[in-house]
Amino acid sequence: MCQKIHVTIWNEFYHEKNNARVASLYPDGLHKAIADGIAADDLDIRLASLDEPECGLTDAVLEQTDVLIWWGHCRHADVPDEIVRKVHRKVLEGMGLLVLHSGHFSKIFKSLMGTNCSLRWREAGERERVWNIDPAHPITQGIGDYFELPHVEMYGERFDIPSDGHVVFISWYEGGEVFRSGVTFERGYGKIFYFSPGHETYPIYRDANVLRVLGNAVRWARPLIRREHICPKVEALEEIRSEDPAATARAGVVQSL
Ligand code: ZN
């Protein structure tokens with residue numbers, strides 16, 4: 001039997017404690033709603049949040065996490081840089097990362113992208129149509145040509161992400177904008193998926209299509225290998241007949257410094 005995928009769902013967990021509407025939608029936190037919504041025999045899910053010691057992301061937790069899901073909004077700056085560096089390193093070593101909605105401005109997403117990750121937004125509660133533009137991708141399995149969310153916060157282009165992102169969903173909004181709402185990246189050995197639906201004042205993490213996408217993405221992002229990055233000096237496998245003695249001498253000088 002396959003090993004379970006160890007998933008950690010990280011939530012800033014602020015709005016649920018400070019906004020009555022969000023509290024009524026997600027009384028135990030939206031991370032718990034996601035956990036309940038994607039629960040399956042092949043997943044082992046734990047929760048973590050900002051106010052726990054080390055943000056709930058201790059070395060032991062990160063070591064045991066195959067895929068980390070990240071939701072943050074108004075307290076990105078409160079995540080210590082040291083935690084961000086550790087998560088970044090884990091992604092490069094193979095840990096999968098799903099960044100949701102307002103996580104586009106999280107320190108970890110911006111550091112992995114290297115761009116501003118800015119976008120246009122509007123909170124009018126309008127309709128969103130999420131188009132599946134890569135039906136052969138593992139993340140879109142079980143999703144039709146499109147699905148709709150009746151009330152959302154609009155996220156529109158231009159989304160300032162790197163051009164190596166592979167787009168699997170494009171959203172259209174009632175107000176006229178479009179957005180690359182589902183994009184995959186690879187950094188080091190790690191797979192990253194950004195998925196934009198998820199504004200906290202709407203029950204988006206109770207939508208069957210959204211949960212299906214997240215479940216698919218967890219399985220897609222699971223590490224195939226986990227390996228520390230090293231930069232080894234190596235011996236040649238074959239005899240090198242054209243070796244430049246000067247190069248060898250220079251290397252020797254550098255090594256002796
Ligand atoms: Zn939002």
Side-chain angles (χ1 to χ4, degrees), residues 9-38 47-51 55 68-79 84 97-113 115-131 147-161 165 167-183 192-214 217:
I9 307 178
W10 189 90
N11 181 13
E12 182 178 277
F13 204 13
Y14 176 79
H15 295 300
E16 296 94 326
K17 299 172 189 167
N18 294 279
N19 178 308
R21 176 165 169 78
V22 182
S24 70
L25 285 173
Y26 299 117
D28 301 314
L30 58 83
H31 49 342
K32 178 68 164 62
I34 294 171
D36 292 345
I38 66 172
L47 306 179
S49 56
L50 180 65
D51 291 333
C55 303
L68 177 64
I69 300 179
W70 193 278
W71 197 102
H73 178 216
C74 58
R75 295 185 62 193
H76 294 317
D78 294 337
V79 179
V84 177
L97 178 69
L98 276 51
V99 176
L100 306 181
H101 188 60
S102 39
H104 73 92
F105 258 172
S106 61
K107 287 182 182 179
I108 184 59
F109 190 60
K110 290 202 290 186
S111 76
L112 283 161
M113 295 297 106
T115 55
N116 287 318
C117 302
S118 53
L119 46 75
R120 293 166 186 245
W121 62 280
R122 173 175 61 240
E123 212 176 322
E126 66 208 88
R127 186 159 53 102
E128 175 178 358
R129 185 175 296 138
V130 183
W131 285 95
F147 65 93
E148 293 191 354
L149 296 164
H151 304 290
V152 303
E153 176 185 24
M154 187 282 293
Y155 274 7
E157 297 285 346
R158 185 181 181 254
F159 187 18
D160 185 29
I161 49 174
V167 182
V168 297
F169 292 113
I170 291 178
S171 284
W172 165 90
Y173 298 87
E174 204 172 347
E177 289 83 358
V178 295
F179 190 66
R180 289 168 286 171
S181 48
V183 190
I192 301 166
F193 178 55
Y194 174 78
F195 190 51
S196 65
H199 187 62
E200 68 278 1
T201 61
Y202 302 109
I204 288 169
Y205 295 121
R206 304 204 185 278
D207 179 89
N209 285 305
V210 168
L211 293 168
R212 176 90 191 216
V213 168
L214 295 181

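Counting starts at 1 for both ligands and their atoms, in listed order. These figures come from a predicted structure and were not determined experimentally.
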Gap separating the CG atom of L50 from the CZ atom of R75, nearest 0.5 angstrom: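 L50 atom CG to R75 atom CZ measures 4.5 Å (nearest 0.5 Å).
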Straight-line distance of R129 CZ to I170 CD1, nearest 0.5 Å: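 It is 13.5 Å, given to the nearest 0.5 Å.
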Face-on cation placement of K17 at F13 ring, 6.0 Å and 45° thresholds: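 Yes.
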Vertex the Zn ion (ligand 1), rays to NE2 in H101 and ND1 in H199 - rounded to 10°: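 Roughly 110°, rounded to 10°.
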2.8 Å cut-off met by an N, O or S atom of E153 to the Zn ion (ligand 1):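 For E153, the answer is yes, given that an N, O or S atom comes within less than 2.8 Å of the Zn ion (ligand 1).
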Metal proximity, H73 vs the Zn ion (ligand 1), N/O/S cut-off 2.8 Å: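 No, outside the cut-off.
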Aromatic ring pairing F109/F159, orientation class (parallel under 30°, perpendicular over 60°, tilted between):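 It falls in the parallel class, under 30°.
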